[in-house]
S.K.: 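Below: one structure in structure tokens.
All values below come from the heavy atoms of this structure, side chains included, with hydrogens, waters and symmetry mates left out. Letters A, B, ... are given to chains in the order of the sequence lines, protein chains preceding strands, and every chain is numbered from 1.
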Amino acid sequence: MTDLVPNPTPVSSQNIFEKHFSNTKSLFVDREAISPHFIPEQLPFRETQIHEISESLSATLSGKKASNIFLYGKTGTGKTSVTRHVLTQLLEFAKGKNLPVAGLYINCRNHSRKYRVLSKIVEDLYPEERFFGFSSGFVYDKLVDWVSKNKAQLVVVLDEIDKTKDLDELVYSLTRANDEVTGGGITLIGISNNLFFRERLDPRTKSSLVEKEMVFPPYNAEELRAILNDRVKRAFAPDSVEDSAVNLAAAFAANESGDARTAVMLLFRAGELAEQKGLEKVTDDEVKRAKKKVEEEIITSMVSTLPKHQQILLFSLAELSLNKKPQAKLTGQPSAENVLFSGEIYDEYCSMAKKLKEPPVSSRWYREYISELEMFGLVSTTASGQGFRGNSRIVKLGFEPRKIRDQLEKELLG
DNA sequence: CCTCCACAGGAAGCGCAGGAGT
DNA sequence: ACTCCTGCGCTTCCTGTGGAGG
């Protein structure tokens, strides 16, 4: 083997791969099983949903159109996993019995318009043909043709359906297609994690899309623990994760969102951290550190994807809270707290923007920015209340000013 | 109590980019 | 290729709100 590298020049006493190689006894036996995309064949605590959906869809097996279903629930509650699971089972079964049932899954985040969704459907139905630049009507006819010709029951899953711009027209097209096909039918399954989305639907869209509906509740700590334990068994080597670590990860996730995805993610990261340190077991400590790390990553990615002027605003905010000046606007008691007024932040933002040769936005829009940053959890605001004049807001950074400033410095100046 | 201050946040409207229809 | 339409980001204008101060 060494002959392949005839004369390795020793650069340092230790090869850079040494530290990666020394951990040959990995804590993981199957990383895939703990990745966010993994869909286990058993979906615990979702038996009722699986049962209901499959019962409803079973109509397609006897050549009838099934009721359109609308699923909603927060992220990581298993909507997508359950639906995909049921759909693959349905298609497998139908294939085995040679029944004309077809199904496809579309994420509306990637196909945000009616035309895109229809093209995607048709492209999946005619895999050999391409449909670039054909009219909406042509694509629609192709869809109707395919269903009629095959006398097929087509199940279309529209995930993140709230991302569709012209949903009313899309639903109308697809339901109208049902009237036009001669034999066969189209069943819709809509998935949304926006709980209020259903209320905002056009009444006609609502009545055709929501023939049946189902709520996916968040998982509680106990359920999350069971889910995590199952994943741990698949993904980690035996006895390499402490029970308390699993409990902690479950508790964190349950406390925040009841989101299985973040719980799984947390444990995966904890595993990586433990491995890096050459530990034999994943403990509470790693879970805590993983949580901190994940949070920091979220902040970093959030901050860097912010529109430029919100970045400038955050930067000004960080600067101001770092060099807290004597509270000029205070009329009352001295405050040790690092309080920042809406007005002074806007002033700082304006001068900062000018320094960066950017025309500052209006104060009205600045207020809108602050609200948006608050929604992201990057800042928090309180009413000024007693001791301060006027009806104003006091703004605080949600995270360490120094970190935010350092990152934005790179982002804006570097 | 009234007035002023320093904002909050609603309403209307404007210019623009990009998609749909022709 | 060309208009037309529409959603989006934003400005302008405005009314509302709560405390300070006379």
S.K.: Take atom CD of A/E344 and atom P of B/dC7, then tell me their distance rounded to the nearest Å.
M.R.: 9 Å
S.K.: For the CD atom of A/E286 and the CD atom of A/E242, what is their distance to the nearest 0.5 Å?
M.R.: 8.5 Å
S.K.: Any chance the side chains of A/Y349 and A/H309 put a donor and an acceptor closer than 3.5 Å?
M.R.: yes
S.K.: Is the closest side-chain donor-acceptor distance between A/N193 and A/T75 under 3.5 Å?
M.R.: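 Not at all, the side chains of A/N193 and A/T75 share no donor-acceptor pair under 3.5 Å.
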S.K.: Look at A/R234 together with A/D230 and state whether they make a salt bridge at an N to O cut-off of under 4.0 Å.
M.R.: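 Yes, this pair counts.
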S.K.: Report the distance from atom CZ of A/F341 to atom P of B/dA8, rounded to the nearest whole Å.
M.R.: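 Going from CZ in A/F341 over to P in B/dA8 covers 11 Å.
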S.K.: So does A/K206 pair up with A/E213, basic N to acidic O under 4.0 Å?
M.R.: no
S.K.: So, applying salt bridge (Lys or Arg N to Asp or Glu O under 4.0 Å) with A/E295, which one of A/K293, A/K292, A/K291 is it?
M.R.: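 With A/E295 as partner, A/K293, A/K292, A/K291 yield a single salt bridge (Lys or Arg N to Asp or Glu O under 4.0 Å), made by A/K291.
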S.K.: Provide, to the nearest angstrom, the distance between the CD1 atom belonging to A/I394 and the C1' atom belonging to C/dG18.
M.R.: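 My rounded result for the distance is 13 Å.
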S.K.: With the threshold set at 4.0 Å, does a side-chain nitrogen-carboxylate oxygen contact exist between A/R269 and A/E297?
M.R.: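 Salt bridge flag = yes for A/E297 with A/R269.
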S.K.: Check the distance between C/dT17's C1' and A/N391's CG and give it to me in whole angstrom.
M.R.: 5 Å
S.K.: Mind listing the residues from residues 372-381 of chain A sitting with a heavy atom below 4.0 Å of DNA chain B? Number order is fine.
M.R.: none
S.K.: Sequence neighbours left out, cut at 3.5 Å: what donor-acceptor pairs do the side chains of residues 82-99 of chain A make with other protein atoms?
M.R.:
{"unit_1": "A/T83", "atom_1": "OG1", "unit_2": "A/K79", "atom_2": "O", "d": "2.6"}
{"unit_1": "A/T88", "atom_1": "OG1", "unit_2": "A/R84", "atom_2": "O", "d": "2.8"}
{"unit_1": "A/T88", "atom_1": "OG1", "unit_2": "A/H85", "atom_2": "O", "d": "2.9"}

S.K.: Scan nucleotides 6-13 of chain C nucleotide by nucleotide, 5' to 3', and note B when protein non-hydrogen atoms come under 4.0 Å of the base, S if they reach only the sugar-phosphate, - if neither.
M.R.: --SSBBB-
